Structure formats: structure tokens, C-alpha cells
2 protein chains.
Amino acid sequence: MKITIKDIARKAQVSPITVSRALNDKEDINPDTKNRIVKIANDLGYFPNMLAQSLKSKKSKTLGVILRDISDPFYAEILQGISLTAAREGYQIILSISSRSGVNLDLEYNTLKLVLQKQVDGVLIIPEHEDPRYFAYLQKIHTPFVLLNRVPKEIQCDYVSTDQQEGSRLAMSHFIKKGKKHIAYLVRRPLSGVALTRMAACEKTLLEHGLSKDSIRVVECDDTIVAAYEQTKRTLKQNSKVDGVYAWDDVMAMGAVKAAIELGCGIPDDIGIIGYDDIELAKFFNPALTTVRQNIQLIGRTAAEILIEKINNDVLIADKTVILRPELIVRETA
Amino acid sequence: MKITIKDIARKAQVSPITVSRALNDKEDINPDTKNRIVKIANDLGYFPNMLAQSLKSKKSKTLGVILRDISDPFYAEILQGISLTAAREGYQIILSISSRSGVNLDLEYNTLKLVLQKQVDGVLIIPEHEDPRYFAYLQKIHTPFVLLNRVPKEIQCDYVSTDQQEGSRLAMSHFIKKGKKHIAYLVRRPLSGVALTRMAACEKTLLEHGLSKDSIRVVECDDTIVAAYEQTKRTLKQNSKVDGVYAWDDVMAMGAVKAAIELGCGIPDDIGIIGYDDIELAKFFNPALTTVRQNIQLIGRTAAEILIEKINNDVLIADKTVILRPELIVRETA
DNA sequence: GTGAAAGCGCTAACAT
DNA sequence: ATGTTAGCGCTTTCAC
């Protein structure tokens with residue numbers, strides 16, 4: 001069955017500790033013994049049991065990642081960024097999906113607990129809600145963590161996000177420049193703090209340009225492409241004045257585009273559509289998406305880097321807050 | 001610091017094993033003691049150390065997943081399927097990226113080893129090559145595994161895949177029906193066994209319909225949307241006769257569509273394009289992708305289910321081979 | 001240069 | 001109903 005250092009020790013006629021020394025390139029070992037042992041280990045197909053190593057060393061070389069839905073390109077790209085950084089630094093990843101659809105506090109809470117039980121050295125979290133109990137719990141855990149894509153006011157911690165206000169400002173300014181006056185803000189349900197932040201920034205920008213608060217309306221919608229498509233269709237039908245759709249993310253924007261096309265609306269003239277994220281496909285979509293670009297993989301990479309640095313320095317909170325600057329990418333939909 | 005059962009034991013004036021019993025709902029424990037212990041455990045914010053539990057029980061309740069690139073929607077959806085099934089069955093996932101681009105045997109090999117060291121109960125692998133050494137190594141490991149998306153002839157094992165020949169047959173038949181006679185097979189580089197299988201099925205179908213082997217040509221390409229776009233542009237420019245592109249996957253098909261549009265080719269009349277996979281976005285792309293549908297999440301779910309069943313039954317090889325049937329989804333590009 | 005003892009946190013098996 | 005012993009696989013400390 002599974003080979004342990006004991007098996008090797010027996011075969012090599014030495015004690016287990018000698019085997020350990022040989023396999024870990026320690027000093028104080030006779031090169032001959034060492035070679036002999038290494039050879040036997042290879043022959044037997046031995047590899048160390050990291051469970052035992054970690055139990056002893058209290059370092060698992062593992063990062064927990066908690067997010068909502070990997071089939072969403074935005075999360076997938078973040079995860080990709082995290083993965084590559086983690087691998088480079090010698091960490092593995094335990095992936096946990098916090099909810100399959102919508103938001104579920106208990107599930108997210110349990111997910112975190114499970115990950116912690118695995119003795120991960122750190123956790124990367126994309127929170128899906130702002131429940132104070134969750135943040136309170138986070139504050140008590142003894143494992144370093146970094147939040148992604150959320151600026152938590154409730155709690156002092158490290159996080160990586162992008163400037164959501166700037167993003168919305170860019171989008172609205174562009175709409176205004178193009179003469180749009182009746183914007184639908186197609187936003188993920190349930191409304192999050194980030195959603196409200198973006199909304200407030202939109203209103204602020206519109207007001208600054210002399211437009212009324214009524215020039216933008218919130219349209220809530222599940223964050224799937226299908227829901228965005230259907231909701232946009234409904235909205236455009238009910239509201240012939242709407243001339244711009246500001247979507248929560250690119251996937252929802254793509255749904256909106258499809259809806260507009262099917263209703264025979266000209267894009268961007270009848271209806272301008274602006275997405276968010278600039279996922280890889282945005283550029284290749286037809287018409288190519290105008291969108292607020294976040295450097296998605298960079299978010300993941302940066303968060304992983306901060307976390308690993310905290311782990312290495314044995315720090316629980318480093319007060320590192322990175323806010324990346326978004327950028328408007330003007331293409332064909334607005 | 002981190003709380004252990006010892007800490008609880010001390011506080012409760014009992015022995016550690018009593019704590020263990022209390023926390024694991026065992027018989028043979030005084031309900032009062034139990035409640036007292038559970039309360040203390042909660043107060044202290046205790047959670048078990050799964051490293052220790054696993055070391056003892058030799059079950060880690062963890063699955064390894066090895067794949068290539070999560071930012072690719074196809075892999076992401078597979079991973080999503082795996083994740084949900086694993087979570088439902090009480091397993092967690094260690095995710096390992098086998099290579100960032102292209103194919104790298106050593107990396108894939110090391111990735112596997114690392115995952116095994118973590119004592120996962122099983123491994124799900126989407127292999128990226130057919131190196132016999134890798135398969136030879138797989139045959140020797142004492143951990144159950146399931147291969148996805150590959151029909152390995154080199155080795156007896158469990159796998160979940162789709163009928164690649166049928167998929168290509170469907171695509172070619174459709175092209176023929178539409179009068180296409182000069183197909184470019186836009187395929188991922190480096191060429192894999194699956195790629196050749198699909199190619200052979202294409203040729204066979206064409207011959208059966210009285211067309212010559214020359215009616216299809218292989219166009220190799222990195223499997224990114226950008227590369228597919230560029231390669232398609234090049235191909236269409238050099239070869240005015242090409243009237244159909246059969247793409248390796250939907251992402252590449254989207255790149256091809258963009259190229260065709262930019263060259264002013266009418267889709268599907270001048271150029272028909274057929275993708276593969278039917279990722280969620282395929283339907284919403286403009287023009288909507290005609291594609292060979294695989295039920296992607298089902299591949300992941302099925303593989304995870306087979307693996308977990310093997311783990312539960314303590315079986316290394318169950319000889320379960322599931323070949324899912326693909327389906328042609330005719331939309332607007334062909 | 002090598003080994004013996006001890007312990008990481010937890011839990012079966014065997015007492016009491 | 002509770003405690004003792006022992007051991008999962010590995011490594012640190014100290015002795016030889």
C-alpha cells in the first residue's frame with residue numbers, strides 16, 4: 001500500500017529519522033547512506049505525506065479560495081490569476097463555491113469554516129453579501145485573509161478592489177457625451193453595497209452634468225445572461241425612452257445586446273450599452289462591447305501576493321488596501 | 001492561538017477523548033457533560049483540525065482536480081460541475097493548473113505528484129497530452145482517478161468523454177447539407193489524439209458523401225480567441241475557396257466569426273462556422289453559434305460521481321467509461 | 001553521522 | 001460514562 005518513511009527505513013536498515021534527513025537534504029548525513037535511501041525511495045515510488053508534514057510544521061502550503069460561481073468568466077479569470085500566483089509561490093488551492101445561485105449566508109459561512117478546518121495558511125474571499133455576522137466572524141478567525149472586489153466598511157482588513165465610483169463615472173460621462181438621457185442600470189440581484197456605490201456614483205455624475213436623478217433607473221435582475229436578456233427585453237418594451245443600458249458586468253451586457261438586437265434597436269444609436277469588467281470575450285463580441293475595464297487577473301494576482309506576504313511575515317492584518325483604477329474601453333456598443 | 005480538544009478538555013476538566021466523543025455525537029457520553037463541552041467548544045470558537053483527523057482516518061475528504069486553464073469557459077464549466085457534485089457529497093477540491101499555456105509534461109507530472117502528496121482521496125484529470133510516461137505513472141498510483149474528455153487507449157481506467165467522432169460527423173454532415181465543400185479545420189495546437197480522432201471522423205464523413213479528402217484542411221492554431229481570430233484571417237485571405245470553418249471549440253469559433261466579419265464575408269452563406277462545446281455564451285453570440293453541443297457541466301458531474309463512488313467502494317478501477325452523445329445545435333453561423 | 005524519544009491533533013481499542 | 005494507551009507519518013531535540 002502507501003509507502004512511508006518507515007518502509008524505506010526498514011529496507012535501508014536505518015531509522016526513520018535518517019530517511020527523513022536523506023529525503024530533506026539535511027546536513028549530518030553520510031552521502032552514501034543518503035544516496036542509498038534516495039534510491040530506495042524512488043524505487044518504491046515514495047512521496048511524503050503532506051498531512052503529516054503539515055500537522056507537524058503547522059504550515060499547509062495551501063490557500064483557501066471562496067467564490068461564488070466559476071462558470072462566470074469574471075470569477076474564472078480571478079481564479080486563474082490566483083492559481084498562477086499561488087503555484088509560483090508553492091501554494092496549492094482549496095476551492096470552495098460559496099453558493100450556486102443567489103446569496104446564502106449560512107452556506108458561505110459553512111464554506112469558510114470547512115476551509116479553515118483544512119488548516120489553510122490563508123484565505124481569499126470574494127464575499128457575496130454584507131451580513132455583519134459574517135464579517136464579525138471573519139474578524140475572529142486566526143487565519144490571514146484578503147477580500148477581493150469588495151470594500152468592506154464594517155471591518156478592518158486587507159482587500160483588493162477597483163474604484164467602483166470611477167468606473168461608473170466613466171460610464172455615465174460617456175453616455176452623456178453620446179447624448180443619452182434615459183439610462184437603465186441593469187444590476188445584479190440581490191443589491192449589494194457595491195451595486196449601491198456604483199449607483200450613487202452614476203447619479204452624482206448625471207447631476208453634475210445637469211441631468212436629473214430620474215435620468216437613471218435601477219433594473220434588478222439575476223446575474224445570468226439569460227435573465228439579463230429577458231429583463232432588458234421587458235425593460236425596453238415597457239420603456240421606449242430608455243436609450244442607454246449600463247450593465248452590472250459584461251455577461252449581462254451581452255444579454256442586453258441580444259435583447260436590443262432582437263427588438264430591432266440600433267446599437268449604439270438607439271440604445272447604447274456599457275458593460276463592466278472587460279472579460280476576454282468582450283472584445284470579440286458583436287458588436288464589440290464598450291465596457292469599464294478591470295484588470296481581472298491582476299485583482300486575483302495582487303490579492304494572492306498580499307496574502308502570501310502576510311503568511312510569510314506571520315501577519316494577520318497588514319492593512320494593505322489596493323484599489324485598482326478602471327478604464328473605459330470604448331468599442332462598438334456605446 | 002488555535003484551539004485544540006486539549007484546551008477544551010482542560011477547561012471542562014475532562015480528558016481529550018471525552019471531548020472528541022462529545023463533538024462527534026458518539027454514544028456513551030453523559031448528555032450533561034456533552035452539552036457542557038459543546039458549549040465550551042463554541043465559546044472558544046473551536047473547529048477540528050482536519051489534518052489530524054485525516055492523518056488518523058486516512059480519508060481526507062478531498063478531491064484533486066487537474067486541468068489546464070480555468071479562464072477557458074469550457075474548463076470553467078467542467079470545474080463548476082465537479083465542484084457542485086463534490087460539495088454535495090461532502091468533498092472539497094484541491095485545484096491544480098497543469099500548465100499555463102501549451103503543454104508541459106513535467107509540469108503536469110509534478111502537479112499530479114503535489115496533489116497526491118496532499119493525500120487526496122481521488123483525482124479528476126483532464127490530460128493535456130498523451131505521453132506514455134504520464135499514463136504509465138498514472139497506472140502505478142494508488143489513488144483512484146477519473147479522466148475527463150479523453151479516451152485513453154494506453155491505459156485501462158475510468159473516464160468520461162463525449163463521442164468525438166459523432167460530433168465531427170454531425171458538423172460535417174451539416175456543412176455538406178449546406179453545400180460547403182472547402183472546410184478549414186481550425187484546431188488547437190499541439191495536435192492531440194482527440195484532434196486526430198475528430199479529423200479522421202471528418203474525412204470519413206466527407207468521403208461517405210462523395211467528397212474528396214482535400215475538401216478539408218487542418219489549420220493549427222494556439223487555442224486562444226486571439227490566435228483563432230488571427231489564424232482565421234490569414235487562412236481566409238490566403239484561401240478564397242474556404243467556405244466553412246470547423247473550430248476546435250466555441251471560443252475559437254468566436255474568434256473565427258470575428259475574422260470573417262471583418263473580412264466582409266457573409267455568415268453563414270460565404271463562410272459557415274461551426275463551434276464545439278456549446279458554452280453558455282454560444283447562444284448569445286452574434287451571430288449565434290452553430291455548434292456541437294456537449295453537456296459540459298454533466299461531464300464534470302458524472303466524472304465526480306464516478307470518482308466518489310469508487311472512493312466509497314474502495315475501488316481503484318471500476319471500468320466505468322461514459323461516452324456522452326453530442327448534439328448539433330444549429331443557430332446562425334452555419 | 002545516526003538514533004531514541006517526544007509530540008503535532010485526533011481517535012480507535014481497550015480498560016475501568 | 002470516562003480515561004489510558006497507542007498510533008496515524010513526520011520531524012525537532014537531544015543524546016550517543
Side-chain angles (χ1 to χ4, degrees), chain A residues 1-38 40-41 44-62 113-121 142-143, chain B residues 1-38 40-41 44-62 113-121 142-143:
Chain A
M1 271 322 314
K2 252 158 203 168
I3 313 294
T4 74
I5 47 171
K6 272 193 191 169
D7 301 317
I8 302 176
R10 203 177 310 121
K11 201 149 184 173
Q13 307 270 41
V14 294
S15 79
I17 182 64
T18 307
V19 176
S20 171
R21 277 195 270 253
L23 266 25
N24 290 293
D25 287 316
K26 299 273 179 184
E27 302 300 316
D28 291 341
I29 181 155
N30 186 317
D32 293 345
T33 344
K34 177 169 169 176
N35 290 334
R36 201 158 50 87
I37 291 173
V38 169
I40 295 178
L44 261 39
Y46 168 83
F47 50 85
N49 182 332
M50 281 198 61
L51 256 37
Q53 284 182 332
S54 300
L55 183 59
K56 184 99 239 264
S57 68
K58 299 180 178 273
K59 300 239 162 285
S60 63
K61 282 288 177 179
T62 306
K113 268 193 178 161
L114 274 172
V115 166
L116 293 177
Q117 291 182 192
K118 282 268 157 79
Q119 309 301 116
V120 293
D121 294 336
H142 298 289
T143 305
Chain B
M1 272 314 314
K2 251 158 204 169
I3 314 294
T4 73
I5 47 171
K6 272 192 191 170
D7 302 318
I8 303 175
R10 202 177 313 121
K11 202 150 185 172
Q13 308 268 41
V14 294
S15 79
I17 184 67
T18 307
V19 176
S20 171
R21 278 195 270 253
L23 266 24
N24 290 293
D25 286 317
K26 298 274 177 182
E27 302 300 316
D28 291 340
I29 182 155
N30 186 318
D32 293 345
T33 342
K34 178 169 169 176
N35 289 334
R36 201 160 50 87
I37 292 174
V38 168
I40 295 178
L44 261 39
Y46 168 83
F47 50 86
N49 183 331
M50 280 199 60
L51 256 37
Q53 284 182 332
S54 301
L55 183 59
K56 184 103 240 275
S57 68
K58 296 177 180 274
K59 299 236 160 288
S60 63
K61 281 290 178 178
T62 305
K113 267 193 179 162
L114 274 172
V115 166
L116 292 178
Q117 291 183 192
K118 283 268 158 80
Q119 309 301 118
V120 293
D121 294 335
H142 299 290
T143 305

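Bear in mind that the values here come from a model prediction, so they are computed numbers and not experimental data. Every chain is numbered from 1, with letters handed out A, B, ... down the list of sequences.
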Within this structure, what is the [atom1]-to-[atom2] distance between [X] and [N], rounded to whole angstrom?
| X | N | atom1 | atom2 | result |
| --- | --- | --- | --- | --- |
| A:I37 | D:dC10 | CD1 | P | 13 Å |
| B:I8 | C:dG9 | CD1 | C1' | 11 Å |
| A:R21 | D:dC14 | CZ | P | 14 Å |
| B:D28 | C:dC14 | CG | C1' | 13 Å |
| A:I5 | C:dA4 | CD1 | C1' | 14 Å |
| B:D7 | C:dG9 | CG | P | 8 Å |
| B:K56 | D:dC8 | NZ | C1' | 6 Å |
| B:I17 | C:dG9 | CD1 | P | 16 Å |

Can you tell me if the side-chain N/O atoms of [X] get under 4.0 Å from OP1 or OP2 in [N]?
| X | N | result |
| --- | --- | --- |
| B:K2 | C:dG9 | no |
| A:Q53 | D:dG9 | no |
| A:K26 | D:dT11 | no |
| A:T4 | D:dG9 | no |
| B:N24 | C:dT11 | yes |
| A:Y46 | D:dC10 | yes |
| A:S15 | C:dT2 | no |
| B:T18 | D:dG3 | yes |

Open item on the list: Ignoring hydrogens, what is the shortest heavy-atom contact between B:L51 and A:K118? Give both atom names and the distance.
Closed with: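 It is CD1-O, 3.6 Å.
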Task: Where B:K58 and B:D121 come nearest, the two heavy atoms and their spacing - done: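 Closest approach of B:K58 to B:D121, heavy atoms only: O-OD1, 4.4 Å.
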Task: Non-hydrogen side-chain atoms of A:L23 and A:Y46 separated by less than 4.5 Å - done: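 Touching, per the 4.5 Å side-chain cut-off.
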Task: Polar side-chain atom of A:D7 near backbone of A:T4 as donor-acceptor pair, under 3.5 Å - done: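 Yes, because the side chain of A:D7 sits within donor-acceptor range (under 3.5 Å) of the backbone of A:T4.
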Open item on the list: With a 3.5 Å distance limit and no angle check, can you tell me whether B:N24 reaches the backbone of B:K26 through a side-chain donor-acceptor pair?
Closed with: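 No; judged by distance alone, with no hydrogens or angles, the pair does not exist.
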TODO: Nearest-nucleotide wise, let me know which of A:M50 and B:I29 is further upstream toward the 5' end of DNA chain D.
DONE: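 Its nucleotide being nearer the 5' end, the pick is B:I29.
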Task: Residue met sooner reading DNA chain D from 5', once B:P16 and B:L55 are mapped to nucleotides - done: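 Nearer the 5' end of the strand: B:P16.
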TODO: Have a look at B:S54 and say if it touches a base, only the backbone sugar-phosphate, or nothing, with a 4.0 Å heavy-atom cut-off.
DONE: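 The residue B:S54 makes no contact with any strand.
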Open item on the list: Taking any heavy-atom pair under 4.0 Å as a contact, classify B:T33: base, sugar-phosphate, or nothing.
Closed with: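 Sugar-phosphate, backbone atoms only, no base.
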